[in-house]
Amino acid sequence: MLKQELARLAKGLFAEPIPGAPPVEHTIAPTLAEEAAAVFRFASEYGLRVLLWGSGAHQAMGNLVTPDLIMTTAALDQVVDWQPEDLTVVVQPGVLIVDLEAKLEQQGQTAILPESPGVSTVGGTIAAGLSGWRRLRYGPTRDRMLEVRLATGDGRVVRGGGRLVKNVTGYDLPRLVTGSFGSLGLISEVCLKLWPLTTERAMVHVDDPAAALAASYRPDAVIESNDLATVYLAGSAEEIAAQASAIGGEPSAGHHWPDPLPGRTEAVIRVPASAVSAIVAMIRPLGVAFQAAHGVGEIRFVADGIVDEIGALRKTAESLGGALVVARAPDDSTIERWGSPPGSIELQRRVKAAFDPRGAANAGILPGGI
Amino acid sequence: MSLVEELKAILGSDRVHSHPLELLVYNKDAGVTTGAVAAAVLPETTQEVAACVRTARRHGVPVVARGAGTGLAGGAVPTEPALLVVLTRMNQVWDLDGTTAWIGPGVLNLDLSRHTADKGLHYAPDPSSQAACTIGGNVATNAGGPHCLAEGTTVAHILGMEMVTADGDVVHLGGQSPDPIGLDLRGVVVGSEGTLGIVTKVLVKLTENPPAVRTLLLTFETIRDAAATVSATIASGIVPAALEMMDQPMVIAVEAFTRGGLPVDAAAVLIAEVVGLDAGVAAEAATIERIAVEQGATSVKVAADEEERALLWKARKNAFGAVAQAAPDYYLHDTVVPRTRLVEVMAKIYEIGDTHGIKMLNVFHAGDGNLHPLVAYDAREPGMAEKVRAAAEEMVRISVAAGGSLTGEHGVGLEKRDLMTLVFDPVDLDAQARLREAFDPDGVLNPGKILPRGSRCYDYGMAVLSEGEE
């Protein structure tokens, strides 16, 4: 009976099983927020767990979800409304970041989404709360979230924010869903604030990234990896020349962002920006590949074969008020995904329940198993 | 013991005000609404705030947090006799790290930038009331200001907070590390107008002072030319640090007050500011100048030095003070529209003024489409207050109709609470009410603000079922 009802509800929306996804009987690809909400309503009523899926790029983040159903954003893949003169774009979650950025670039604009996104979708990246390297200059993705439509875990379609670059009308749902890992529901549409692309871009290799950061004025990024430290500059040719001279290096044209880290397991340490060099000093001797964002406080590294050291690194990160989180891992990895939950855990639980009281949406994925 | 006696036992009698004459200071903000205060307290520590909240709850009295009272939307004006928790004494600054600091909510916005000036840093959001308003109030309203065009509003500069909850517990949200794990409750608390908790410490992000600044004063014969300059500047790939417009009535009022040499015969002026490296600001200023001339600017003046620049900003930020001198009462509005719709919305706003026969002055954040029509009037004139209110609602409606929203930086408060239905469906408002309940299930924190009555009553399930039947 249950199956019949689902068949009626999701008629025409069933999709093929997704390679690499957990085995489930049904994979559903809604084409409208209302359809996603109907599935959630059904799931809430019958106590089923829905796992949300974009391209799978960030599925290893967060606690494991054991789903009864998978709902994919594959059929929500449109750029809905782009207003170049207002520097805003409305986009559905299933759009690939590479596609969106390529489109925006045609008119010299960017959403400042991650620079090497692979197959990542806009929705998955927002749900995972991820930002690109350029957050040093432009701030995190959450600060460009202007409006959201959300199919909630209990089956409502809710809109928050507005398609305006400045707006304080009502509670800030767009920021709340950023980094919520699908725990509140499925993001069915977002409006993002855009930036003009700078005319010139260049890189300067340096020996001391912390000193280079201090010597430059608001560069796009300062990235230190195992054998290279690079300052990413943008602006006019004159600005780049002035910055390079202040840093003390030769600029080379263009931005070449670091390749994604190799290996099966990748972890990210998030600490106050002032602690980056200290964390790098701990990771370097481990001999694993790493990429550290100076001025931001994010250090990514390959975590295969260093299970024992992870514990010490996590302890250090947490003692600094930060965290060590898993960005990528094989299914059988035993590394705890989040570490110690935040002190506001009870409040977090209640906020989750305000959108998803029955735990239909990505149940347990957040810190503390929320 | 009575509420007041208990509060005096916690804080001492000099930090508890309950005499009706003392409370007169606290029953309104800088806007037009007046409320009811049971008692006002001036706590100095987080623990005192928590104790006051618990005490008020025991007595069944709601709790309203207040900073300097410079708000304009009634956010800190109680709708029913409430305990007013005045946070101005919690004004410490604890330096932590290079570019962040923990500060008390009572620190004045401008004092924070003064405090960090010797380190070459400033706090970016700069509301016009920055000499008087507190950071706690800025957090409550997600305050803006001219320089939020490039830097974002308050929420982009608040990394974390300590907060007393509706139960009188203390929680920490956000923090110094990027992307704290779990839901971003910090982001929701900013702009929540004291309805989710009372923020008792704030972790602020400080911004590097730019090596170079260039400020331009552009003069136009029509509002349309000025607005077209705004659009063309944004379209050219420049996001200036600030892009502010003043119309002629406002320029005249301001010039009489500050004598900064503003052109009183111009229909509109723009103040554009670019910041960055020397080479960059020179080029951007030249581009803006070229665009302005193309759009019909009759004069372009670049501030020659810091003194001239300061005078321009003094004129801009004292605009409201200038109007206060010119008329006994004023009502300052705050709506936001897509910046591409500025010209048409401005035209309609002037029409509304003409229709109601009221004097309208405009000074606003043109770069991000944040309008601030200001009505100067005399409330003693019979029927005038009603006219002003009617015009206010019309202005909000035309902004919303142009794809805009109720408020860009002042907040919803009481002023726009009942207009929330113009931009949100019942389901949206119900979701916001549920979110609020997650923080404050019993509705003790600043009740009656932001959400119209009945927001929580929408029973989506029933509506869906009845639609879905048959």
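Reminder, nothing fancy here: chain letters follow the sequence lines and each chain counts from 1.
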side-chain contact (heavy atoms from CB on, under 4.5 Å) evaluation trace for Arg175(A) with Val188(B): CA-CA 7 Å; Arg175(A) 276 192 179 74; Val188(B) 180; 5.9 Å; no

CA sep, side-chain torsions, deciding dist, call: Asp86(A), Arg341(B), salt bridge (charged side-chain N to carboxylate O under 4.0 Å, His left out): CA-CA 9 Å; Asp86(A) 268 328; Arg341(B) 311 285 296 267; over 6 Å; no

Derivation of the side-chain contact (heavy atoms from CB on, under 4.5 Å) call for Leu435(B) and Leu173(A): CA-CA 9 Å; Leu435(B) 173 61; Leu173(A) 296 190; 3.8 Å; yes

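Within the 3.5 Å criterion, the main-chain N or O of Pro272(A) finds no donor-acceptor partner in the side chain of Gln176(B). One N or O on the side chain of Gln432(B) and one on the backbone of Tyr171(A) form a donor-acceptor pair closer than 3.5 Å.
In this view, Ser192(B) satisfies the side chain to side chain donor-acceptor pair (under 3.5 Å) rule with no residue, not counting sequence neighbours. The side chain to side chain donor-acceptor pair (under 3.5 Å) test applied to Glu151(B) returns Arg218(A), not counting sequence neighbours. With sequence neighbours excluded, the residues forming a salt bridge (charged side-chain N to carboxylate O under 4.0 Å, His left out) with Arg186(B) are Asp184(B), listed by chain and number.
Listed in order of number, the residues of residues 128-138 of chain A that approach chain B to under 4.5 Å between heavy atoms are Gly129(A), Arg135(A).
By the neighbour-count criterion of 12 heavy atoms within 6.0 Å, atom CD of Glu336(A) is densely surrounded, having more than that number from other residues, nucleotides or ligands.
For Ile181(B), the parts lying near chain A are the backbone and the side chain together; criterion is any non-hydrogen pair under 4.5 Å. Residue contact with chain A, scored on non-hydrogen atoms closer than 4.5 Å, involves the side chain of Asn370(B) exclusively.
Residues Arg434(B) and Asp154(A) are paired through a salt bridge, judged by an N-O separation under 4.0 Å between the basic side chain and the carboxylate.
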